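Contents: one structure, followed by commentary.
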Amino acid sequence: MFITELIQEAAVTSLSALFQQPFTAKDFQVNQTKPEFEGDYTIVLFSLLKKTSRAPEALGKELGDDMIRRHPELFSSYNIIKGFLNFSISDQYWMTLLQHNYNDVCFGKHPMNGKKVMVEYSSPNTNKPLHLGHLRNNFLGWSVAEILKANGYEVLKSCIVNDRGIHICKSMIAWQLFGNGETPQSTGMKGDHFVGKYYVRFNDEYKQQVKELVDHSIPQAEAEKQAPIMIATQEMLQDWEAGNPEVMDLWRTMNGWVYEGFDITYKTIGSDFDKTYYESNTYLLGKDIVQTGLDKGVFFRKEDGSVWIDLTPDGLDEKLVLRKDGTSVYITQDIGLAQQKYEEYKIDQSIYVIGDEQNYHMKVLKLIAKKMGVPYADDIHHLSYGMVELPTGKMKSREGTVVDADDIVQEMENEAKAKTEELGKVGDFDPAELASLYHTIGLGALKFFLLRVDPKKRMVFNPEESIDFHGFTGPFIQFNYARIKSILRKNELENVIHLPLDFLPAEKELIISLEKYPAVIRQACDELNPSAIAIYIFNIAKAFSSFYSGHSIANAESAEKKQLRLQIAVMTANVLKSGMQMLGIDMPERM
RNA sequence: GAUCCCGUAGCUCAGCUGGAUAGAGCAUCAGCCUUCUAAGCUGAGGGCCAUUGGUUCGAAUCCAAUCGGGGUCACCA
């Protein structure tokens with residue numbers, strides 16, 4: 001149980017006994033005491049004054065006395081300042097906490113709860129390489145999956161690959177027209193970049209053709225439709241849907257190139273999936289459900305044969321769910337896939353990591369599920385995240401302002417290498433160890449940078465300033481971990497039980513912070529928010545760093561103090577490693 | 001036009017289920033390596049929490065309006 005819960009419980013018991021009426025934890029707040037006041041945790045009394053008809057001081061005294069009387073092992077003293085009842089928690093409580101948990105690498109994690117949840121993330125298109133926005137998505141998805149596991153869920157990671165549609169045909173057409181049979185192998189290019197090159201080529205060519213048509217005084221809108229390369233692309237899409245062998249063959253080949261490239265990137269960044277869905281397999285799903293919905297009267301058919309749902313009573317619009325030619329649209333497929341996931345895996349929750357530009361779409365999906373009365377409607381969660389922008393504005397592939405995923409990872413590793421060589425602390429590492437260290441630090445910096453911000457907020461990535469290994473960064477935390485590991489290599493930890501010892505304020509502060517870890521894991525799960533972990537872990541690292549510079553562990557005042565500090569160091573290292581693991585960030589033993 | 005999100009230090013972000021004097025990092029300035037890893041530590045400066053009004057004992061936090069920025073409202077995915 002968390003300390004705040006213990007305090008709440010104790011206060012509820014005392015209040016109910018003192019005033020002969022029921023109280024709950026919601027009647028008052030328990031906060032950590034501000035550093036400028038004496039005490040560890042504070043009960044705010046204002047909200048209780050009316051119900052108890054007491055003045056703050058009187059209430060504080062009655063409550064404080066009663067709580068101490070009932071729990072002498074927990075509370076050592078209290079003071080009242082204005083409406084704030086400040087308790088000092090007994091050293092014995094903190095000491096017991098430390099003794100029981102310092103060497104438990106699972107500290108903070110919660111037991112299995114028997115629930116199964118699927119996290120869908122990444123969702124790439126197979127016409128171009130991954131960029132920085134995809135990295136935010138991948139890191140979020142991975143991290144949320146880890147956070148759910150730590151909270152006792154069984155987690156399945158899934159990926160829906162957008163492998164069909166007009167955008168795929170664009171790179172196919174361009175390759176047919178201009179490729180001269182070249183391949184990733186023949187050019188030495190990574191497959192996804194190779195295909196992406198032709199996607200860009202398409203857009204260049206298309207722009208050129210439209211311009212020429214406009215120059216021959218054809219209106220812009222008309223020119224966009226008439227451009228020969230666009231017409232060819234649309235024909236190809238029809239051929240694809242008709243199953244034309246030649247087109248299918250090209251499609252398989254080019255997608256294969258992209259997958260080879262993606263595999264490399266996923267391996268590099270540490271993303272993986274338990275189940276991969278391909279839109280080419282799922283795009284027809286959902287049509288049966290639409291029929292069921294029609295029978296139920298949830299959907300309606302318009303004169304031209306298209307099928308719609310009227311969401312105006314819910315403040316939204318009418319939404320198309322089936323085209324007049326009977327083919328499915330984006331939402332149709334999602335309705336089907338949601339059903340399939342539920343049936344296939346018996347999941348209790350389905351989390352979709354998708355950008356916030358699809359908030360409306362996901363709202364509609366959930367609403368449709370609700371109206372259809374499916375059992376999983378309430379268990380669909382959209383983890384909506386904001387765009388990653390550059391200081392100059394949005395990233396646009398057409399304008400070449402996209403930060404490529406492979407490039408930025410490489411750049412971070414290069415920076416890690418340069419910095420490591422400059423510091424010269426690992427001169428004895430062999431080349432493989434060095435490469436691994438650069439990867440750990442560079443990727444750690446990137447992951448931490450993208451995960452430390454609240455997912456739902458847009459964020460700015462400045463290529464010049466963002467590659468920073470100082471301050472609120474992954475490498476800072478890794479550094480503190482390595483520093484603790486260095487101490488532990490040089491100092492023996494003996495499993496001795498300590499007599500009551502006085503804590504220094506800095507020692508107690510660290511233990512109090514460490515105690516919050518289980519609550520932070522819970523909160524990160526409730527909010528589906530890895531940044532809660534990132535911020536917490538940084539604060540732990542900072543507290544340790546500050547402690548480290550003020551107090552020697554190896555040369556502590558006494559042998560017992562040394563053991564106490566070693567235990568605190570071990571627990572700090574465990575929490576740092578465990579927390580960073582939930583962000584998908586490895587910790588080096590040395591750096 | 002409808003609807004949703006955002007606006008906190010020069011910059012990037014915390015804090016938002018209302019509580020004590022609004023916090024970090026970067027950048028700037030001043031100190032600190034003969035002692036456990038200085039990717040570090042200590043300190044200084046830097047704020048009308050977009051604006052106005054409301055609710056409350058108490059508002060950065062809740063409500064409303066306004067102003068600024070962005071998303072969405074496709075028989076695209």
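Values below: every heavy atom of this structure, side chains too, minus hydrogens, waters and symmetry copies. Bear in mind that the values here come from a model prediction, so they are computed numbers and not experimental data. Quick note on labels: first sequence line is chain A, next is B, and so on, each numbered from 1.
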- Considering only atom P, compute the distance from B:G53 to B:U61 and round it to an integer number of Å. 14 Å
- B:A20 versus B:A27 - spacing of their P atoms, nearest Å: 31 Å
- Message: Once ring pair (Phe, Tyr, Trp, His ring centres under 6.0 Å) is applied, do any residues pair with A:W251, and if so which ones, sequence neighbours excluded?
- Response: A:W240
- Query: Do A:K562 and A:E557 meet the salt-bridge criterion of a basic N to acidic O distance under 4.0 Å?
  - Reply: no
- Message: Ring centres under 6.0 Å, that's the criterion: do A:F84 and A:F37 meet it?
- Response: no
- Message: Between B:C57 and B:G70, how many Å separate the two P atoms, rounded to a whole number?
- Response: 41 Å
- Message: By the rule that syn is within 90° of 0, classify the base conformation of B:C33 as syn or anti.
- Response: syn
- Message: Regarding A:F472, tell me which of base, sugar-phosphate or nothing describes its non-hydrogen contacts under 4.0 Å with the strands shown.
- Response: sugar-phosphate
- Give one of base, sugar-phosphate or nothing for A:T327, where a contact means two heavy atoms less than 4.0 Å apart. nothing
- Query: Any Lys/Arg nitrogen of A:R323 or A:D325 sitting under 4.0 Å from an Asp/Glu carboxylate oxygen of the other?
  - Reply: no
- Query: How far, in whole Å, is B:A60 from B:G18 if one measures between their C1' atoms?
  - Reply: 11 Å
- Name the nucleic acid region contacted by A:I535, choosing base, sugar-phosphate or nothing; use a 4.0 angstrom heavy-atom cut-off, strictly under. sugar-phosphate
- Can you sort out the partners of A:Y41 under ring pair (Phe, Tyr, Trp, His ring centres under 6.0 Å), two or more places apart, ordered by chain and number? none
- Checking all strands, does A:D454 fall into the base, sugar-phosphate, or nothing category for heavy-atom contacts under 4.0 angstrom? sugar-phosphate
- Message: So A:S545, base contact, sugar-phosphate only, or nothing? Heavy-atom distance under 4.0 Å.
- Response: sugar-phosphate
- Which dot-bracket string describes RNA chain B (Watson-Crick N1-N3 plus N6-O4 or O6-N4, or G-U N1-O2 and O6-N3, all under 3.5 Å; [ ] crossing; | other strand)? (((((((..((((.....[...)))).(((((.......))))).....(((((..]....))))))))))))....
- Query: What does A:S552 touch in the nucleic acid at a heavy-atom separation under 4.0 angstrom: a base, only the sugar-phosphate, or nothing?
  - Reply: base
- Query: With sequence neighbours left out, what residues match A:E222 under side chain to side chain donor-acceptor pair (under 3.5 Å)?
  - Reply: A:Q226
- Task: Considering only NZ, NE, NH1 and NH2 on the basic side and carboxylate oxygens on the acidic side, decide whether A:K417 and A:E421 come within less than 4.0 Å.
- Result: yes
- Item | Distance flag, aromatic centroids of A:Y330 and A:H361, threshold under 6.0 Å | yes
- Task: Apply the side chain to side chain contact (heavy atoms under 4.5 Å, CB included) test between A:Y548 and each candidate in A:I484, A:I487, A:N480; give the one that qualifies.
- Result: A:I487
- Task: Quote, to the nearest angstrom, the P distance that separates B:A14 from B:A50.
- Result: 14 Å
- For B:C62 and B:C49, measure between their P atoms and round to the nearest Å. 16 Å
- Query: When rounded to the nearest Å, what value does the distance between C1' atoms of B:C48 and B:U8 take?
  - Reply: 12 Å
- Message: Please identify the 5'-most and 3'-most nucleotides of RNA chain B with any atom under 4.0 angstrom from a heavy atom of chain A.
- Response: B:G7 to B:A77
- Base, sugar-phosphate, or nothing: which does A:V44 touch, judged by heavy atoms less than 4.0 Å apart? base
- Output all residues satisfying ring pair (Phe, Tyr, Trp, His ring centres under 6.0 Å) with A:F2, sequence neighbours left out; order by chain, then residue number. none
- Item | Same-atom distance (C1') from B:C41 to B:C33, integer angstrom | 11 Å
